[in-house]
Colleague: 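To start, I am sharing the structure in question, which I have written as structure tokens.
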Amino acid sequence: WIVARGDFSLSAGAGRGDLFAIFSAAMAACYLMTGARRKGALVPYLAVMYSFAGVVLVVVALLKKDALTPKSDADWLWYALLILGPTLIGHTLLNRAMKQLPSYAVNLSILVEPALTAVLAFMIFGEGITGNVWMGGALIVMALVVEFWPSPSAGPPFPVAGGEAA
């Protein structure tokens, strides 16, 4: 709410985007729960998931009559970076982590993505970062510190796969 609060005063479209973000978060939760319960190897599972996502993306683009190719040659680089970074590296690591760590730990770490995206947009595109985004980012960092900061009297913050302590 803190990060999105200013959007509702901008336009109805901004609020609609926030509703899409909430729907996306619910779908991401389903995706991660599926990954945590998967049986078998990671790579075949990811091949099915990435293929399904690609088909859905193409169908939505066709229904909206959106272009299926970039508008300029320079855009291919950005598409390749999106495929490599967030998808192949990020989602693969998230799915691997879902088998190694408790789901709450993985889900909490996912909260860093919007704050990191805002910082990257500032560094790459010169986008401004609003006070609400700074405040939301600070709360996310504090939550991560509270969860993952080692306590001298406690063991590891979550059980490590295989039952050994880290």
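Quick caveat: nothing in here was measured; it's all calculated off a predicted structure.
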Colleague: Under a single-linkage definition using a 4.5 Å side-chain heavy-atom cutoff for Ile, Leu, Val, Met, Phe, Trp and Tyr, are Val112 and Met123 assigned to the same hydrophobic cluster?
Modeller: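 Yes, because Val112 and Met123 connect within a single hydrophobic cluster, where side-chain heavy atoms sit under 4.5 Å apart.
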Colleague: Any donor and acceptor pair, going by atom type alone, linking the side chain of Tyr45 with main-chain N or O of Gly40 inside 3.5 Å?
Modeller: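 Side chain of Tyr45 to backbone of Gly40: no pair is present.
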Colleague: So for atom CG, which belongs to Asp66, do other residues, nucleotides or ligands contribute more than 12 heavy atoms lying within a distance under 6.0 Å?
Modeller: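 Counting other residues, nucleotides and ligands, CG of Asp66 exceeds 12 neighbours.
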Colleague: Between atom CG of Leu111 and atom CG of Leu139, what is the distance when rounded to the nearest 0.5 Å?
Modeller: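 Here the rounded value is 10.5 Å.
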Colleague: Are side-chain heavy atoms of Phe148 and Leu108 found at a separation under 4.5 Å?
Modeller: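 Phe148 vs Leu108: side chains touch.
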Colleague: For the residue pair Leu68 and Leu62, establish whether any side-chain heavy-atom pair is separated by less than 4.5 Å.
Modeller: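 In short, these two side chains touch, coming nearer than 4.5 Å.
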Colleague: Using the rule that two of Ile, Leu, Val, Met, Phe, Trp, Tyr join whenever any of their side-chain heavy atoms come within less than 4.5 Å, decide whether Leu93 and Leu84 are in one cluster.
Modeller: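 In one cluster: yes.
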Colleague: Exactly one of Asp73, Asp75, Leu81 should register a side-chain contact (heavy atoms from CB on, under 4.5 Å) with Leu77. Which one does?
Modeller: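 Only one of Asp73, Asp75, Leu81 forms a side-chain contact (heavy atoms from CB on, under 4.5 Å) with Leu77, namely Leu81.
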Colleague: First locate atom OG1 of Thr87, then atom CE of Met49, and finally report the distance between them rounded to the nearest 0.5 Å.
Modeller: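 Going from OG1 on Thr87 over to CE on Met49, the span is 13.5 Å.
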Colleague: Do Leu42 and Lys99 have side chains that approach each other closer than 4.5 Å (heavy atoms only, starting at C-beta)?
Modeller: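 When only atoms from C-beta onward are counted, Lys99 and Leu42 do not touch, as no gap falls below 4.5 Å.
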Colleague: State plainly whether one hydrophobic cluster holds both Leu46 and Val55, where clusters connect Ile, Leu, Val, Met, Phe, Trp and Tyr through side-chain heavy atoms under 4.5 angstrom apart.
Modeller: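 In one cluster: no.
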Colleague: Treat each ILVMFWY residue as a node, draw an edge where side-chain heavy atoms are under 4.5 Å apart, and state whether Ile89 and Val119 are in one component.
Modeller: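 No: no chain of side-chain contacts under 4.5 Å links Ile89 to Val119.
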Colleague: Heavy atoms only: give me the nearest Gly137-Ala115 pair and the separation to one decimal.
Modeller: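 Taking every non-hydrogen atom into account, CA-CB, 4.1 Å.
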Colleague: To the nearest 0.5 Å, tell me how far Leu94 CG sits from Leu32 CG.
Modeller: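 Rounded to the nearest 0.5 Å, the CG-CG separation comes to 6.0 Å.
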Colleague: Around Phe125, counting heavy atoms of other residues, nucleotides and ligands shown, do more than 12 lie under 6.0 Å from its CZ?
Modeller: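 Atom CZ in Phe125 is packed in, count exceeds 12.
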Colleague: Answer with yes or no whether the hydrophobic clustering places Trp134 together with Leu116; edges join I, L, V, M, F, W, Y residues whose side-chain heavy atoms lie under 4.5 Å apart.
Modeller: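 Yes, same cluster.
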Colleague: I'd like to check Ile83 versus Tyr50 (side-chain heavy atoms, cut-off strictly below 4.5 Å). Are they in contact?
Modeller: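 Not in contact.
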Colleague: Using atom types as modelled and distance alone, determine if a side-chain donor or acceptor of Ser51 lies under 3.5 Å from a backbone N or O of Val48.
Modeller: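 Not at all, since once roles are kept as given, no pair shorter than 3.5 Å links the two residues.
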Colleague: Would you indicate whether the side-chain heavy atoms of Ile124 and Trp78 approach each other to under 4.5 Å?
Modeller: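 The answer is yes, as the side chains (C-beta and beyond) meet within the 4.5 Å cut-off.
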Colleague: Say you draw a straight line from CE of Met98 to CG of Asn107; how long is it, rounded to the nearest 0.5 Å?
Modeller: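 Nearest 0.5 Å value for the CE-CG distance: 5.5 Å.
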Colleague: Which pair of non-hydrogen atoms, one from Asn95 and one from Gly35, has the smallest distance, and what is that distance?
Modeller: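 What the structure gives for the nearest pair is OD1-CA, 3.7 Å.
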